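Numbers for residues simply follow the sequence, beginning at 1. This is a predicted model, so every value here is computed, not measured.
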Amino acid sequence: MKPHSQQFLGLILVALLASSAYAQEAPFEGAPSEWTEKIARAGLLWGPTEPAVRLETSVANGYFGWVVASNDLYIQGVFNGAATKGPSHRARVPSYLNLLLKDSEPYASAIDMECNAFYRRSRYSAGLFKHIDVEQTIFASAIDMHILVHLITVNNTLDQTATIEIQRSTGDASKDITFTSVAENDDFERYLGKTNIPELATSTSTAVGIATSKPAVVKVPGQSSQTFAFVTAACTSIDQPATADVSACAQTHYQMWMARYGGGAAVGKANPLADQCAAWRTRYAGSGIDVEGNLPLAQSVNSSYFYIMTSLNPDHAPHTSLSPGSVATNGYNGHVFWDQDVWMYPPVAYLSPVDAKAMMEYRYARLQGARLKARSYDPPYQGAMFPWESAFTGEETCPEWAATGQLEQHITPDVAWALMQYYLLTNDTDWLAERAYPILKEIGAWIASRVTPCHCRPVRMGAACQYCVDGVIPPDEYVENVNNSAYTNAAMQVALRWIVEAAHLVGEKPAPEWTTIADNIYIPYDPTTMVHPEYDGYDGRQIKQADVIMMPYPLGFDMSAASRRADLLRYVNVTDPKGPAMTFAMETIGFIDLDDAESAARYFPQAYANIHPPFGVWTETPTDGAVNFITGAGGFLQSMLNGYGGMRVRPTGMRFRPRLPPDTDAITMRQVAYLGAAVTVRATPKSLTLRLDKGLPVGPACPAWQVTSTTTGTRVGVPLGTNVALAPADEYLLSCLW
């Protein structure tokens with residue numbers, strides 16, 4: 001099979017799976033010739049027609065998010081509505097850049113993932129049998145996060161002047177922000193507004209300033225081509241000093257862009273799209289996953305990573321975070337759940353540590369909200385308990401009618417797990433002491449106050465107790481108020497053991513009860529069947545999504561292979577087939593770990609079956625739910641990176657044992673960030689190579705490396721910049737010789 005050459009933002013993955021629901025039967029047929037090279041390397045997705053707005057692609061940069069053709073624009077961190085009563089939700093800004101071309105008919109549209117730009121090509125009717133090609137290029141700037149750009153290029157091949165009316169569709173006035181016009185001239189207008197309802201009575205509304213180009217009638221002489229720029233800029237009171245005039249700030253960004261590139265009148269200075277492409281590639285250069293095989297899976301993986309990464313921007317910390325519906329929608333009100341920490345965090349942590357660090361900064365900045373959440377119970381808990389849903393303040397924003405806000409509590413040890421992943425990948429002890437441990441010790445205090453002694457033996461039998469956790473909702477949200485969720489209790493055990501280790505690493509004395517609870521927490525288990533019941537009294541009913549099967553991965557809970565297989569076989573048969581796709585990613589990983597390639601291949605297609613053409617947009621379930629559901633994208637990427645790629649970070653090193661997906665020629669994990677190095681592992685059916693290069697300085701750099709075959713015990717030194725050949729069938733541990 002002919003391999004595909006890949007270059008995509010730093011994350012490229014091609015694999016073979018022709019049954020993908022996303023596969024395009026003829027990906028090149030009818031496409032503009034200028035796009036075909038990027039289509040071939042899975043860097044551009046296109047279609048001759050655009051889908052309904054619900055399944056449209058988006059342009060975003062982690063600050064702005066806009067679903068193409070919609071009237072709704074969102075800014076990361078800007079919410080309106082009372083916390084749990086409104087509830088708090090993303091505040092809608094009218095989309096001033098939703099520009100329409102009168103008398104035109106689109107014939108090709110694309111999302112360019114290599115440049116983070118959307119293209120639409122149309123034929124403008126200039127009279128009977130006379131047509132002019134017009135291309136719209138829309139992007140959220142990778143250079144200045146405060147800028148959205150809409151370029152309109154008119155290629156007038158006729159002899160007479162073309163006059164095109166550009167109209168703007170912003171929809172109704174925002175119900176979330178009351179905007180007032182504060183300045184205007186022939187080219188642009190300025191608006192200033194504030195969110196109408198603050199999240200808490202004690203918090204303030206967010207001010208939003210907008211500077212935006214006016215729509216216009218453009219004239220292009222015959223036999224010429226011109227590009228016109230329309231720009232929207234925004235600033236808010238959460239990203240500017242308290243005394244700043246945010247509308248003036250927006251105007252400054254607007255004018256700086258126009259001074260460089262030109263606009264209103266034809267663009268004739270620097271090339272804005274070329275600069276956008278260069279900046280976007282620079283941000284994600286290097287890291288990724290390449291699987292040589294088939295284009296459809298490459299498109300699925302690339303779009304999955306693209307939509308996650310365009311929802312992040314480290315320059316916007318501590319507000320940069322991941323919501324299930326991406327930054328471009330109000331899905332799930334734009335709130336942050338465990339989806340961020342468990343489902344989407346792993347691929348970001350391995351491939352983009354700068355973004356991963358910013359995501360944890362979101363948690364650190366909202367630690368006080370977690371403390372208040374713990375105190376809100378009767379009797380109050382100690383430490384910090386992260387809310388099931390959080391937005392701006394970090395306090396609970398789950399709608400008050402939903403029991404999950406009170407009872408789905410595994411999110412707190414899930415946050416501890418995410419903090420552990422970042423530390424193990426970077427060995428950044430300064431960050432551990434300054435950012436992570438202040439969170440971790442409060443999580444430890446919360447767990448100690450949350451558990452209750454149970455199953456106690458009398459004095460004559462040793463006077464020992466286990467620890468139980470009653471009254472929770474597990475990841476399987478089809479049940480409520482159950483006791484001893486196996487996943488929740490296992491997450492607490494893993495968190496406590498990590499917290500004790502972190503305390504020693506930063507020179508603190510851990511609370512002795514943390515170890516006692518970790519060693520004795522009760523986790524339901526049936527030794528006869530070797531199955532972990534999902535909770536006390538579980539009767540085999542249908543479950544919503546992956547739950548118990550997530551204990552060994554991603555949590556790292558220790559269990560035998562026989563027990564893991566028993567759990568998988570028990571729960572794959574009772575999981576709702578219409579549930580969210582992340583489940584199938586975890587089933588795939590579980591069977592890969594058990595060397596059951598046949599079962600893994602059976603569930604793998606379902607791990608990304610919820611991707612929709614032509615732009616790779618995710619839905620939560622096969623036909624419904626949140627859109628664009630990047631939680632599913634995160635699970636799917638884990639099935640490739642940590643499943644078939646076999647990568648797992650451990651305290652002792654980076655474990656890897658790549659397996660090839662069905663009908664695949666090779667797989668390469670490229671420049672994974674680990675201990676200051678960029679780790680590349682490439683596997684084919686007959687070879688395995690390892691290469692280390694200098695990586696991002698996100699922590700102390702390892703001075704010397706070795707790789708050990710855990711199969712044979714053979715050890716090999718790994719100098720930087722050298723390809724090291726390894727036996728392809730073995731499992732390996734890459735470790736640093738500090």
Side-chain angles (χ1 to χ4, degrees), residues 83-84 88 199-200 202-203 317-319 321 335-342 345 357-398 404-423 431-452 467 469 471-473 485 488-503 505-506 508-515 517-518 521 555:
T84 61
S88 172
E199 194 165 288
L200 303 171
T202 55
S203 60
H319 304 292
S321 58
H335 293 172
V336 177
F337 298 71
W338 75 309
D339 304 49
Q340 169 180 274
D341 307 285
V342 171
Y345 193 72
K357 186 176 184 178
M359 291 167 69
M360 292 299 97
E361 193 68 13
Y362 174 89
R363 292 299 189 191
Y364 176 80
R366 287 153 181 81
L367 182 57
Q368 179 59 19
R371 294 188 184 109
L372 294 172
K373 168 78 173 175
R375 305 295 188 275
S376 69
Y377 287 75
D378 185 16
Y381 299 125
Q382 301 302 306
M385 176 185 183
F386 282 90
W388 180 240
E389 301 182 29
S390 67
F392 176 61
T393 65
E395 295 200 31
E396 183 65 72
T397 54
C398 180
T404 47
Q406 287 293 305
L407 300 181
E408 196 151 4
Q409 300 171 6
H410 59 81
I411 186 171
T412 298
D414 291 337
V415 171
W417 179 86
L419 292 165
M420 176 173 65
Q421 299 307 296
Y422 184 79
Y423 174 75
W431 172 86
L432 181 64
E434 296 168 8
R435 286 294 193 261
Y437 190 69
I439 301 173
L440 292 170
K441 68 180 180 181
E442 301 229 29
I443 292 176
W446 173 75
I447 294 175
S449 68
R450 179 64 180 86
V451 301
T452 55
Y467 293 90
V469 183
V472 300
I473 293 176
S485 153
T488 301
N489 291 16
M492 287 182 171
Q493 182 189 80
V494 171
L496 285 173
R497 288 180 173 161
W498 155 234
I499 294 165
V500 169
E501 175 64 19
L505 289 168
V506 300
E508 296 283 343
K509 184 177 181 180
E513 61 266 27
W514 294 345
T515 298
I517 295 168
I521 195 166
L555 287 184

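Shown are Ile443, Thr412, Val451, Ile517; of these, the side-chain contact (heavy atoms from CB on, under 4.5 Å) with Met492 is made only by Val451.
The heavy-atom pair separating Pro413 from Ala491 by the smallest distance is CB-O, 3.4 Å. Of all the heavy atoms in Leu367 and Ala384, the pair that sits closest is CD1-CB, 3.7 Å. Taking both residues in full, the closest heavy atoms of Gly405 and Cys398 are given as N-SG, 3.4 Å, listed atom of the first, atom of the second, then distance. Taking all atoms of both residues into account, the shortest heavy-atom contact from Gly444 to Leu496 is CA-CD2, 4.0 Å. The two residues Ala418 and Asp341 come nearest to each other via the heavy atoms CB-O, 3.7 Å.
Side-chain contact check for Lys357 versus Tyr422: some heavy-atom pair is nearer than 4.5 Å. Put simply, the side chain of Gln340 reaches to within 4.5 Å of the side chain of Met359, judged on heavy atoms. Between Tyr423 and Arg435 there is no side-chain heavy-atom pair separated by less than 4.5 Å. A heavy-atom distance below 4.5 Å is not found between the side chains of Glu408 and Phe337. Here the side chains of Asp414 and Phe386 are not in contact, with every heavy-atom distance at 4.5 Å or above. At least one side-chain heavy atom of Val472 sits under 4.5 Å from a side-chain heavy atom of Arg450. The closest side-chain heavy-atom distance from His335 to Ser88 is below 4.5 Å.
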One pair to check against side chain to side chain contact (heavy atoms under 4.5 Å, CB included): Ser390 and Arg363. What are the steps and the verdict?
CA-CA 10 Å; Ser390 67; Arg363 292 299 189 191; 3.8 Å; yes
For a side chain to side chain contact (heavy atoms under 4.5 Å, CB included) check, start with the C-alpha distance between Glu434 and Tyr364, then their side-chain angles and the critical distance, and finish with the verdict.
CA-CA 10 Å; Glu434 296 168 8; Tyr364 176 80; over 6 Å; no
Evaluate the side chain to side chain contact (heavy atoms under 4.5 Å, CB included) criterion for residues Met420 and Val494: first the C-alpha distance (whole Å), next the side-chain angles of each, then the deciding distance (0.1 Å), finally the verdict.
CA-CA 10 Å; Met420 176 173 65; Val494 171; 4.2 Å; yes
Using the side chain to side chain contact (heavy atoms under 4.5 Å, CB included) rule, take Ile473 and Trp388 through it: C-alpha gap first, then chi angles, then the decisive distance, then the call.
CA-CA 11 Å; Ile473 293 176; Trp388 180 240; over 6 Å; no
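In this structure, CD in Gln421 is found 10.0 Å from CG in Leu419, a value given to the nearest 0.5 Å. Taking CD1 of Ile447 as the reference point, atom CD of Gln493 lies at 10.5 Å (rounded to 0.5 Å). Put simply, CG on Asn489 and NE2 on His410 are 12.0 Å apart, with the number rounded to the nearest 0.5 Å. One distance of note links CH2 of Trp514 with CD of Glu501; it measures 13.0 Å at 0.5 Å rounding. Here the CG atom belonging to Leu440 is positioned 11.5 Å from the CD atom belonging to Glu508, to the nearest 0.5 angstrom.
Looking only at distances, a side-chain donor or acceptor of Glu199 sits under 3.5 Å from a matching main-chain atom of Thr393. A donor-acceptor pair under 3.5 Å links the side-chain atoms of Glu396 to the main chain of Glu389, judged by distance alone. Formation of a donor-acceptor pair under 3.5 Å by the Arg375 side chain with backbone atoms of Ala370 is not found in this model. Within the 3.5 Å criterion, the main-chain N or O of Phe392 finds a donor-acceptor partner in the side chain of Arg366. Not one N or O on the side chain of Gln382 forms a donor-acceptor pair closer than 3.5 Å with the backbone of Trp446. Counting only distance, with no hydrogens or angles, the side chain of Tyr377 and the backbone of Gln406 share a donor-acceptor pair below 3.5 Å.
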